[in-house]
Engineer: 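Okay, handing you the structure first.
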Amino acid sequence: MTSEVADPAEVAAISPAADPGFLQRYGGTIEYILIPGAALIGALGVFGIFVALFGKNPLDLYFYMYQGAFGTWFSWQNTLTRAAPLILTALCTALPAQLGMVIIGGEGALLIGALAATGAALMMQSAPPLVVQLAMVGAGMAGGGLWIMLAGGLRQYRGVNETISSLLLVYIALAILNHLVEGMMRDPASLNKPSTREIGAANMIGSIPGTDVHWGLVFGVIAAIASYILIYHTVFGFAARVAGGNIRAAKIVGLSVGKLILTICFLAGASAGLAGMVEVAAVQGRTNANLAAGYGFTGILVAFLARQNPLAVIPVAILLGGISASGGLLQRRLGLPDASVQVLQGIIFVFVLASDALYGRIGFLKGKS
């Protein structure tokens, strides 16, 4: 006589999601994928309705968005090129978030990093290209790092809210860039659009062999992986997360919270500063107002959608880079303004912020019936 009662182990093997133990172990991970994904789909749905009000077919919208972002090899290269600075500027928000800080000044660090990198290149025109490139990397990271560290220092020693100070520093950085580009660093030959002198073709960092994607993408991926290891697999990262969870408890156990804040802010700014260096050395070839393209602000959305996880930043940056890359095709095929993708990014940001209230409240992901 055989029993008709199923073995729990067999049930779990057939359907892991039905195993409460499985959900208790991996529910948080599933939640971190499911909720942002649902927010993104919801935002696309609302944007489709918005476009339909202007007499456009939402299905055509989604098709051309896919074609413009991932439909061809050219589209992929355009997407990856745009993703490179987004990865680096997203880290400018994701790293301080481990300490419970909300830094939104990546755009300013990018501009200062670009200025510093350009200055280093122009002062070393006679040096070998590799030396110039290394100097640009160092100058860009140092400039961006010190810029965001200023916001961290104001938070730690003067009690100034880092969100407000980092945002205001963006406008100060833009004013500095305009002042220098239109003043002492201006190339006399740049008549219509004030710019610095070119850094020289030999000092450009070029593209990954076989593609039109510049090496900035590799820099971004390496920075994201290194940031993940730093935060989740080192004593420093553990201390930062402890301080981010309860700063008072961190002080009681003897952690140097001030040093943690300044270090994390420097590393965050260095990432965005490296993005500025990449834009100069791989795209623009000089510094001008074109550098203020909004990569720093889009990086904030990338970091929030990735839940401040440095590794998750990579695919999210590629996704939003694709959305940005599709703007031109939407304009040509549907007659939508190129800036319509910025409307979509704003809707996504609203949905991501609204979905934050759902974390930890979905019962079935906690193994509950």
Engineer: Evaluate the criterion side-chain contact (heavy atoms from CB on, under 4.5 Å) for residue pair Y228 and I225; output intermediate values, then yes/no.
Structural biologist: CA-CA 5 Å; Y228 178 83; I225 294 172; 5.7 Å; no

Engineer: Begin from the C-alpha positions of I208 and H214 and carry the test side-chain contact (heavy atoms from CB on, under 4.5 Å) through to its verdict.
Structural biologist: CA-CA 6 Å; I208 300 171; H214 57 66; over 6 Å; no

Engineer: Consider only side-chain heavy atoms of I, L, V, M, F, W and Y, link residues closer than 4.5 Å, and tell whether V102 and V170 are in one cluster.
Structural biologist: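 Both belong to a single hydrophobic cluster.
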
Engineer: List the atom pairs, with distances to 0.1 Å, where a side-chain N or O of residues 319-333 and a protein N or O form a donor-acceptor pair under 3.5 Å, not counting sequence neighbours.
Structural biologist:
{"unit_1": "S324", "atom_1": "OG", "unit_2": "R82", "atom_2": "NH1", "d": "3.0"}
{"unit_1": "S326", "atom_1": "OG", "unit_2": "I323", "atom_2": "O", "d": "2.7"}

Engineer: A303 and A90: which non-hydrogen atoms are nearest, and at how many Å?
Structural biologist: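 Scanning both residues, the minimum pair turns out to be CB-O, 3.5 Å.
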
Engineer: Considering only residues two or more places apart or on different chains, which pairs with a residue in residues 292-325 satisfy ring-ring contact (aromatic ring centres under 6.0 Å, His included)?
Structural biologist: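 Those involving residues 292-325 are F304-F349.
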
Engineer: At what distance, to the nearest 0.5 angstrom, does CG of L150 lie from CD of E162?
Structural biologist: 13.0 Å

Engineer: With no hydrogens and no angle check, just 3.5 Å: does a side-chain donor-acceptor pair link T287 and T118?
Structural biologist: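 Distance-only check passes for T287 and T118.
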
Engineer: Are any non-hydrogen side-chain atoms of F54 and V51 less than 4.5 angstrom apart?
Structural biologist: no

Engineer: Can you find a pair of side-chain heavy atoms, one from T89 and one from E107, that are under 4.5 Å apart?
Structural biologist: no

Engineer: What about H233 and F238, are their ring centers closer than 6.0 Å?
Structural biologist: no

Engineer: Could you measure the distance from the CD1 atom of I222 to the CG atom of L274? Nearest 0.5 Å is fine.
Structural biologist: 10.0 Å

Engineer: Looking at C92 and I148, what are the two nearest heavy atoms and their distance?
Structural biologist: SG-CG1, 3.9 Å

Engineer: To check you understand the geometry: which heavy-atom pair defines the closest contact between A114 and G276, and what is its length?
Structural biologist: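 Reported closest heavy-atom pair: CB-O, 3.6 Å.
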
Engineer: When you measure from the side chain of N203 to the backbone N and O of I199, does any donor-acceptor pair fall under 3.5 Å?
Structural biologist: yes

Engineer: Hydrophobic cluster membership, with links at side-chain heavy-atom distances under 4.5 Å among I/L/V/M/F/W/Y: are Y157 and L168 in one?
Structural biologist: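 In one cluster with Y157: L168, no.
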
Engineer: Using the rule given for side-chain contact (heavy atoms from CB on, under 4.5 Å), can you reason through M277 versus M141, listing the C-alpha separation, both sets of side-chain angles and the distance that settles it, and then say yes or no?
Structural biologist: CA-CA 8 Å; M277 175 269 169; M141 294 180 70; over 6 Å; no

Engineer: Can we say D356 and R307 salt-bridge, meaning some charged N sits less than 4.0 Å from an Asp/Glu carboxylate O?
Structural biologist: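 A salt bridge is present here (some side-chain N lies under 4.0 Å from a carboxylate O).
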
Engineer: Do the side chains of L344 and V46 join up, straight or via other hydrophobic residues, at under 4.5 Å, putting them in one cluster?
Structural biologist: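 Cluster IDs for L344 and V46 match.
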
Engineer: CD1/I264 to NZ/K259 distance, rounded to the nearest 0.5 angstrom?
Structural biologist: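 So the CD1 of I264 and the NZ of K259 are separated by 13.5 Å.
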
Engineer: How long is the gap from CG on L44 to CD1 on I347, to the nearest 0.5 Å?
Structural biologist: 9.0 Å

Engineer: Is the shortest heavy-atom distance from the side chain of Q125 to the side chain of V132 under 4.5 Å?
Structural biologist: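 With C-beta onward as the side chain, the pair stays apart.
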
Engineer: Is any side-chain heavy atom of D187 closer than 4.5 Å to one of R286?
Structural biologist: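 Yes, side chains in contact.
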
Engineer: For L91 and S227, which heavy atoms make the closest approach, and how far apart are they?
Structural biologist: CD1-OG, 3.9 Å

Engineer: Got L267 and L230 here, is their nearest side-chain heavy-atom distance under 4.5 Å?
Structural biologist: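 Side chain of L267 against side chain of L230, heavy atoms only: contact under 4.5 Å found.
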
Engineer: Counting only N and O atoms by type, is there a donor-acceptor contact under 3.5 Å from the side chain of Q67 to the main-chain atoms of T72?
Structural biologist: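 It does not hold such a pair.
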
Engineer: Angle between ring planes, F50 versus F47, binned at 30° and 60°: parallel, tilted or perpendicular?
Structural biologist: parallel

Engineer: Report the residues that fulfil salt bridge (Lys or Arg N to Asp or Glu O under 4.0 Å) with R197, sequence neighbours left out, ordered by chain and then residue number.
Structural biologist: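 R197 satisfies salt bridge (Lys or Arg N to Asp or Glu O under 4.0 Å) with no other residue.
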
Engineer: So L115 and I176, do their side chains get closer than 4.5 Å, heavy atoms only?
Structural biologist: yes

Engineer: Can you check whether T263 reaches F236 side chain to side chain, under 4.5 Å on heavy atoms?
Structural biologist: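 Yes, at least one pair of side-chain atoms sits under 4.5 Å.
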
Engineer: Within the side chain of R186, is there an N or O that forms a donor-acceptor pair under 3.5 Å with the backbone of S190?
Structural biologist: yes

Engineer: Is a side-chain donor or acceptor of T79 paired with a backbone partner of S75 at a separation under 3.5 angstrom?
Structural biologist: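 Yes, because the side chain of T79 sits within donor-acceptor range (under 3.5 Å) of the backbone of S75.
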
Engineer: Do L217 and I87 make a side-chain contact, defined as non-hydrogen atoms from C-beta onward lying under 4.5 Å apart?
Structural biologist: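 Side chain of L217 against side chain of I87, heavy atoms only: contact under 4.5 Å found.
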
Engineer: So does Y232 have more than 12 non-hydrogen atoms from other groups sitting under 6.0 Å from OH?
Structural biologist: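 Result for OH/Y232: enclosed.
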
Engineer: Would you confirm whether S166, through its side chain, and I104, through its main-chain N or O, come within 3.5 Å as a donor-acceptor pair?
Structural biologist: yes

Engineer: Closest heavy-atom contact between L61 and G48?
Structural biologist: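 It is CD2-CA, 4.1 Å.
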
Engineer: Taking atom CG of N246 and atom CG of L255, what is their separation to the nearest 0.5 Å?
Structural biologist: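 Between N246 CG and L255 CG, I get 11.0 Å after rounding to 0.5 Å.
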
Engineer: Please evaluate residues M149 and I261 with respect to the criterion side-chain contact (heavy atoms from CB on, under 4.5 Å), reporting the C-alpha separation (whole Å), side-chain torsions for both, the decisive distance (0.1 Å), and the verdict.
Structural biologist: CA-CA 8 Å; M149 193 169 73; I261 288 176; over 6 Å; no

Engineer: How many angstroms lie between atom NE2 of H179 and atom CD1 of I172, to the nearest 0.5 angstrom?
Structural biologist: 14.0 Å

Engineer: Looking only at heavy atoms, what is the nearest atom pair of L99 and L260, with distance?
Structural biologist: CD1-O, 3.6 Å

Engineer: Hey, does the side chain of W76 reach the backbone of A69 with a donor-acceptor pair shorter than 3.5 angstrom?
Structural biologist: no

Engineer: Quick one: do I348 and L353 end up in the same hydrophobic cluster if we chain Ile, Leu, Val, Met, Phe, Trp and Tyr together by side-chain heavy atoms under 4.5 Å apart?
Structural biologist: yes

Engineer: Are I252 and V242 in one and the same hydrophobic cluster, where Ile, Leu, Val, Met, Phe, Trp and Tyr link if side-chain heavy atoms are under 4.5 Å apart?
Structural biologist: no

